[in-house]
Asks: 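Here it is, the structure, as structure tokens.
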Amino acid sequence: MFDPTVRIAGKTFKNPIWTASGTFAYGTEFEPFIDLNQLGAIIVKGLSVEPRAGNAPNRIYETPSGMLNSIGLQNVGMVNFVEEKLPRLRKFDTQVIANIFGRTEDEYVQVARYLNDQAEDLAGIELNISCPNVKEGGIEFGSNPESTRHIVQTLRNACNRLPLYVKLSPNVSDIAAMAVACEQGGADAVTLINTLVGMAIDIENQRPVLSTVFGGLSGPAVKPVALRMVYQASQAVKIPVVGIGGISRWEDAVEFFLAGAAAVQVGTANFYKPNVTVEILDGLIGYSERKLIPNMAALRRAMKGDRGECS
Amino acid sequence: MRYTTVELVGKRQLNRDNFLLLFEDPEIAGAALPGQFLMMAADADAETPFPLLMRPFSFFGTEREQRFSVLVKTVGIGTRKMAAFAPGARVPVIGPIGNQFEVRPGRRPLLIAGGVGIAPFYLLSQRLIADGVRPTLFYGARSRGDLVTLEDFEKLGVEVLAATEDGSLGHKGFVTDALAPFLSGRDDCDLMACGPTPMLAAVAGLAARQECPLQVSVECYMGCGFGACFGCAVETMEGYRLACRSGPVFDGRKLLWKQRSHV
């Protein structure tokens, strides 16, 4: 029998199939389609201090084997989440991790502290550092190893109770260095990847499709990049790596586990197949039993051969 | 609302680009309300579908609470695949989704459709006629060949006023030209509009000037269709609203009309 349990930073997850922030709203939208009790964890839509309305349309556009999004981090705000959304999620036997972001370091700290104090039963906070720092001229918090280490350290100090995950952007030249910076800053785990930056142009109107010109690319198209980065990050750090990027079938998830991921998050696939997470879980269990793999740690070790000598 | 597969039991080609697809599913057909839509996949077979995302389609009509139809115009690879569905095909859908057109007793419903915007009005007309109310339909398109399902509305007993840009049928010009004189002197009309954004904006302007209630069924790019992605934002005077959660039918007087690169 395969044991799909995962333990990270003192929290137990019934399985490694989680849902990605921004693709599962606050969870309850999927109640008509799946039994939420079956999920290992739900990562809720990114939270900020104040509610945010998001960007003007167009916010999304399909591209080959994927989609661009420029939602604009629309969310109900940290207070409404704790007061209205979280109580509903508590009814389900699944872990909840809160993705958070800010426009300044102080805002990140404010959200983290608030959740640390008001939502002790969360399984963690996931830091979205692919956000522009408005105080530093808009440069992303996670744009270089030193600023990454710094923001993680600051949040680590502010947040003493909840496990700290850091969600990494793929739009960097050295993902391993970013993962190491997070580990040095005191993160409990890293999750990667966030979206790749892309664009599309409407040739009839001769204008960019998205209102913000650029948007984040997700879906099956990004999987090879995400997988490569998860592999590299897993080689570079000892803390758990959670893999995200184009997972739409159980086979994809297994690839990420073999690459070293402790858990995976399914995102875009939820949009066109609302029950995909349950299918992936079933497929993972079937595969592991067929391969006589007893648990997740054994699955992560199963890929033999050349480990790390990649150019 | 469910995620399920429905069986294609009939297909009618209306012109070169337009098709009516008939599906069998008593649960969905029994629940569908005028104005609601469903998300439909173009590709049922591949593990990774192409196109990837489902697309939204209004319910066109229902039959005996057993079957429902959707109107598909072939504008790209996805809709071309849909038009080529063979009878017996099982198509993944999510639905019914959204709110419905609100019909007030004692009011005269005026339906204003542009092009494929005709789609939600047949089901609405079916229900109105069954309730003893005769709607008036203003239906505009480029040419008479583009006024698909016109005969279906006439057979139903709807009062139809056509407008074509080339004058091949009805009024020569836009559907709003025919609407303005009709409205003057009347204060018992409830307008419902569906079609290209410039048409909707024009109808909204007219409704505001004539102080006429207006409901608009909007169209926009959708990611999931059921409220998870926050992609289908519509600009209203009260801020952004999601078309799938707060719509697709909105109070037309509260919408903001800005030029977008699509629709």
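Residue numbers begin at 1 in each chain, while the letters A, B, ... track the order of the sequences.
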Asks: Is A:Glu251 in contact with chain B via its backbone, its side chain, both, or neither, using a 4.5 Å heavy-atom distance?
Replies: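 Contact with chain B involves the side chain of A:Glu251 alone.
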Asks: Quick check: closest heavy atoms across A:Pro274 and B:Ile94, and the distance to 0.1 Å?
Replies: CG-CD1, 3.6 Å
Asks: Tell me, side chain or backbone of A:Phe24 under 4.5 Å from chain B's heavy atoms, or both, or neither?
Replies: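 A:Phe24 touches chain B through backbone heavy atoms alone.
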Asks: If you count heavy atoms of other groups shown closer than 6.0 angstrom to CZ of B:Arg142, is the number above 12?
Replies: no
Asks: Step through the shown structure and confirm whether more than 12 heavy atoms of other residues, nucleotides or ligands are within 6.0 Å of CD on B:Glu65.
Replies: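 No, the 6.0 Å shell around CD holds no more than 12 heavy atoms from other groups.
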Asks: Counting only heavy atoms not in B:Arg90, do more than 12 sit closer than 6.0 Å to its CZ atom?
Replies: yes
Asks: Is it the case that over 12 heavy atoms from other parts of the model lie below 6.0 angstrom from the CD atom of A:Glu50?
Replies: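 12 or below, so no.
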Asks: Can you say whether the rings of A:Tyr26 and B:Phe230 are parallel (under 30°), tilted (30 to 60°) or perpendicular (over 60°)?
Replies: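 Plane angle between 30° and 60°, so tilted.
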Asks: Which heavy atom in A:Ser248 sits nearest to a heavy atom in B:Thr48, and how many Å separate them?
Replies: OG-OG1, 3.8 Å
Asks: Does some side-chain heavy atom of A:Pro57 sit less than 4.5 Å from a side-chain heavy atom of B:Tyr240?
Replies: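 SC-SC contact between B:Tyr240 and A:Pro57 confirmed.
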Asks: More than 12 heavy atoms of other residues, nucleotides or ligands under 6.0 Å from CZ of B:Phe174: yes or no?
Replies: no
Asks: Sort A:Ala56 into side chain, backbone, both or neither according to what part of it lies under 4.5 angstrom from a heavy atom of chain B.
Replies: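 A:Ala56 touches chain B through backbone and side-chain heavy atoms alike.
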Asks: At a 4.5 Å cut-off on heavy atoms, which part of A:Thr23 comes close to chain B: side chain, backbone, both, or neither?
Replies: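 Backbone only.
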Asks: Testing the basics here: between A:Glu62 and B:Leu53, what is the closest heavy-atom pair and its distance to 0.1 Å?
Replies: OE1-N, 3.0 Å
Asks: With a 4.5 angstrom heavy-atom cut-off, is it the side chain or the backbone of B:Arg241 that approaches chain A, or both, or neither?
Replies: neither
Asks: Considering only heavy atoms, which portion of A:Ser211 lies under 4.5 Å from any heavy atom of chain B: side chain, backbone, both, or neither?
Replies: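 It is neither, since no heavy atom gets under 4.5 Å.
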Asks: Do B:Met1 and A:Phe33 come close enough that some side-chain heavy atom pair is under 4.5 Å?
Replies: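 Result yes, sub-4.5 Å side-chain heavy-atom pair found.
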Asks: Considering all heavy atoms of both residues, which atom of B:Leu242 and which atom of A:Arg59 are nearest to each other, and what is their separation?
Replies: CD2-NH1, 4.4 Å
Asks: CG of A:Leu210 to OH of B:Tyr221: how many Å apart, nearest 0.5 Å?
Replies: 9.5 Å
Asks: Return the option, out of B:Gly239, B:Gly231, B:Cys232, with the maximum number of heavy-atom pairs under 4.5 Å with chain A.
Replies: B:Gly231
Asks: Tell me, for A:Lys273 versus chain B, whether the close heavy atoms (under 4.5 Å) come from the side chain, the backbone, both or neither.
Replies: both
Asks: Do you know which two heavy atoms are closest between A:Ala25 and B:Arg245, and how far apart they sit?
Replies: CB-NH2, 4.4 Å
Asks: If you take all heavy atoms of A:Asn270 and B:Phe226, which pair is closest and at what distance?
Replies: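 Minimum heavy-atom separation between A:Asn270 and B:Phe226: O-CZ, 3.6 Å.
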Asks: Looking at side-chain heavy atoms only, is the closest gap between A:Asn69 and B:Cys229 below 4.5 Å?
Replies: no
Asks: Please look at B:Met222 and chain A and tell me whether the side chain, the backbone, both or neither of the residue comes under 4.5 angstrom of a heavy atom of that chain.
Replies: backbone
